[in-house]
Engineer: 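Dropping the structure in here first, questions after.
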Amino acid sequence: MDYDKLISTVSEIIENDKIEKKDLSLEYSIDETDYKGIQEYFFYMDNIKTVPVVYTDKFEVEIGGLLIKFSKKV
């Protein structure tokens, strides 16, 4: 899973009127390498590059009103 695939998936859900979106969330459990890359991407969307990433085992983001939860596979 990378950012482009994630955005493509979320876009499909948001744009599809047949999918009920109220209270809908997605949850991804992904391998450590992909997880770290996605967490860094979202971290740096809100922070300047000189701030070190604070890695966690889980995090959430909201894209287009859709809650997306990420966790690192163990």
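Atom set for the values below is all heavy atoms of this structure, side chains included, hydrogens, waters and symmetry mates excluded.
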Engineer: Name all residues meeting the side-chain hydrogen bond (donor to acceptor under 3.5 Å, both in side chains) criterion together with Tyr55; count only those two or more places apart in sequence or in a different chain, and write none if there are none.
Structural biologist: Glu40

Engineer: Hey, could you give me the CD1/CD1 distance between Ile30 and Ile38, rounded to the nearest 0.5 Å?
Structural biologist: 4.0 Å

Engineer: If the condition is side-chain hydrogen bond (donor to acceptor under 3.5 Å, both in side chains), which residues does Thr56 pass it with, not counting sequence neighbours?
Structural biologist: Gln39

Engineer: To the nearest 0.5 angstrom, please state how far the CD1 atom of Ile68 sits from the CD1 atom of Ile7.
Structural biologist: 6.5 Å

Engineer: Identify every side-chain donor-acceptor pair in residues 41-48 under 3.5 Å, counting partners at least two apart or on other chains, and give the distances.
Structural biologist:
residue: Tyr44; atom: OH; partner: Val51; partner atom: O; Å: 3.3
residue: Asn47; atom: ND2; partner: Phe43; partner atom: O; Å: 2.8

Engineer: Filter on salt bridge (Lys or Arg N to Asp or Glu O under 4.0 Å), then keep only pairs touching residues 3-16, sequence neighbours left out; what's left?
Structural biologist: none

Engineer: Which residues pass the ring-ring contact (aromatic ring centres under 6.0 Å, His included) test with Tyr35, not counting sequence neighbours?
Structural biologist: Phe59

Engineer: For residues 57-74, which residue pairs qualify under salt bridge (Lys or Arg N to Asp or Glu O under 4.0 Å), counting only residues two or more places apart or in two chains?
Structural biologist: Asp57-Lys72

Engineer: List, one per line, each side-chain donor-acceptor pair under 3.5 Å for residues 21-29, sequence neighbours excluded.
Structural biologist:
residue: Lys21; atom: NZ; partner: Ile13; partner atom: O; Å: 3.4
residue: Lys21; atom: NZ; partner: Asn16; partner atom: O; Å: 2.6
residue: Lys21; atom: NZ; partner: Ile19; partner atom: O; Å: 2.8

